[in-house]
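Heads up: the structure comes next, in structure tokens.
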Amino acid sequence: MNYKLVLIFLFLIFNLLLSAQNNSPYELNFKRETLLLGLGGVGSLTAVNLQQKNIAPLTIEQINAVNANDINGFDRSATRNWSTQAAKGSDYFLYASAALPFTLLIDKPIRNDAFIVGTMFVETVLINLALTDYTKYIARRYRPLVYNDESPLTSKQDLSAQLAFFSGHTSGSAALCFFTAKVLTDYHPNSKLKPLIWGTAAMIPAITGYLRYKAGKHYPTDVIVGYLVGASIGYLIPQWHRKKEGGTSLQFSPSLEYSGMNVLVKF
């Protein structure tokens, strides 16, 4: 095959990808994406591996030794909570949060930028997982259910019973909801639905966190910190990918007439 035709084909593909970015409020950067995907992927896998290898189930003696009065006054009420229904409800809200970003594909401009938005989505999920799981491993905080006589022994001896801080359900829900709201409003900054979009994005993780509290899975501080961390990640990842005003872009257009290509630099 003629090498010129191969080069022309590659430059056409590159130009199509670059053109998509030029019509988008976002842009990808190889170094940044490598950093975020690498840190998120390796970090989350490493954190889970550390939890599984270095955390042993609580013994009967350890469980009998805990005292709810040792918990600070702000969080202590959580030790009286236990509800499997609330736990299931929090799972459903997390599932709904996970499905929410995929509704962005209904919007044609966003669908045309599926690769860019999809990359940011994966980065948001991985960074949130890595930060949440590492913090849980370092903090080793007992869940409120460990202090509750009504919760079963099997729940108290589950490895996750020592991973209360901070709430992964809440951080995950907040990251996914705020990511969805941020992307949607960046593509449609003048939309009259912005209050509804952001209100919904704020409400879903708040309900998720409340259900985790009622289930005896988390303290109020777990939920608050999880909400703030997840919301920050969900907002900041897209914001970091925003195009800079007055930036430069390159467009390559291969020439069939000459042995070369034209390069257009825009400022």
Side-chain angles (χ1 to χ4, degrees), residues 20 24-26 28 33 36-37 40-41 43-45 47-48 83-133 136 160 163 166-189 191-215 217-218 222-241:
S24 169
Y26 305 115
L28 300 181
E33 314 322 324
L36 289 175
L37 292 171
S44 57
L45 289 174
V48 171
S83 171
T84 57
Q85 291 301 313
K88 289 180 181 178
S90 69
D91 290 340
Y92 295 146
F93 272 90
L94 180 61
Y95 300 152
S97 303
L100 200 59
F102 293 95
T103 64
L104 293 171
L105 296 175
I106 298 173
D107 186 83
K108 186 176 180 180
I110 299 177
R111 189 166 64 247
N112 291 338
D113 289 337
F115 181 76
I116 299 173
V117 176
T119 299
M120 295 191 302
F121 167 73
V122 173
E123 291 169 349
T124 299
V125 171
L126 290 178
I127 292 296
N128 184 70
L129 280 174
L131 186 55
T132 301
D133 287 338
K136 284 176 176 290
S160 67
L163 303 173
F166 48 84
S167 172
H169 273 63
T170 308
S171 68
S173 178
L176 293 163
C177 290
F178 275 71
F179 171 85
T180 303
K182 173 63 172 167
V183 171
L184 190 56
T185 54
D186 278 348
Y187 275 90
H188 303 283
S191 173
K192 295 181 180 179
L193 297 177
K194 287 176 70 173
L196 176 62
I197 292 170
W198 282 106
T200 302
M203 179 182 65
I204 293 176
I207 295 174
T208 304
Y210 175 74
L211 290 172
R212 297 302 284 174
Y213 163 76
K214 293 299 292 183
K217 300 286 188 177
H218 288 289
D222 299 337
V223 171
I224 293 170
V225 173
Y227 191 107
L228 293 175
V229 170
S232 298
I233 293 172
Y235 182 90
L236 291 176
I237 292 293
Q239 182 64 27
W240 195 9
H241 288 78

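FYI, side chains are in, hydrogens and waters are out, and symmetry mates aren't considered; it's all heavy atoms of this structure.
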Quick check: closest heavy atoms across Lys217 and Ala87, and the distance to 0.1 Å? CE-CB, 4.2 Å

Please verify the inter-ring angle class for Tyr227 with Phe178; under 30° counts as parallel, over 60° as perpendicular, anything in between as tilted. perpendicular

Heavy-atom neighbours of Lys194 NZ exceed 12 at 6.0 Å: yes

To the nearest 0.5 Å, atom CZ of Arg212 lies from atom OG of Ser167 at 6.0 Å

Measure the spacing between NZ of Lys182 and OG1 of Thr185 and express it to the nearest 0.5 Å. 6.0 Å

Report the distance from atom CH2 of Trp198 to atom OG1 of Thr180, rounding to the nearest 0.5 Å. 9.5 Å

Can you measure from CD1 (Ile237) to CZ (Phe121) and round to the nearest 0.5 angstrom? 12.5 Å

Residues in side-chain contact (heavy atoms from CB on, under 4.5 Å) with Ser171, at least two apart? Asn128, Thr132, Phe166

Which heavy atom of Ala130 sits nearest to which heavy atom of Gly40, and what is that distance? CB-O, 3.9 Å

With rounding to the nearest 0.5 angstrom, report the NE2 to CD distance, His241 to Glu123. 4.0 Å

Heavy-atom side-chain proximity of His169 to Asp91 below 4.5 angstrom: yes

Would you say the side chain of Leu36 lies within less than 4.5 Å of the side chain of Val122, judging by non-hydrogen atoms? no

Looking only at heavy atoms, what is the nearest atom pair of Leu126 and Gly41, with distance? CD1-N, 3.9 Å

Give me the atom names and distance for the closest heavy-atom approach of Gly209 to Thr170. CA-OG1, 3.2 Å

So which heavy atom on Ala201 is nearest to which on Pro205, and how close? O-CD, 2.9 Å

For residues Ser173 and Ser97, report the shortest heavy-atom separation together with the two atoms involved. OG-OG, 2.7 Å

Whether Thr119 side chain and Phe115 backbone form a donor-acceptor pair below 3.5 Å: yes

Side-chain heavy atoms of Leu176 within contact of Leu100, under 4.5 Å: no

Should Phe93 and Leu211 count as side-chain neighbours, where that means a heavy-atom distance under 4.5 Å? yes

Non-neighbouring partners of Thr200 that pass side-chain contact (heavy atoms from CB on, under 4.5 Å), sequence neighbours left out: Leu196, Ile204

Interatomic distance, Leu28 atom CG to Ile116 atom CD1 [nearest 0.5 angstrom]: 5.0 Å

With sequence neighbours excluded, residues passing side-chain contact (heavy atoms from CB on, under 4.5 Å) with Ile110: Leu104, Asp107, Val117, Val183, Leu184, Tyr187

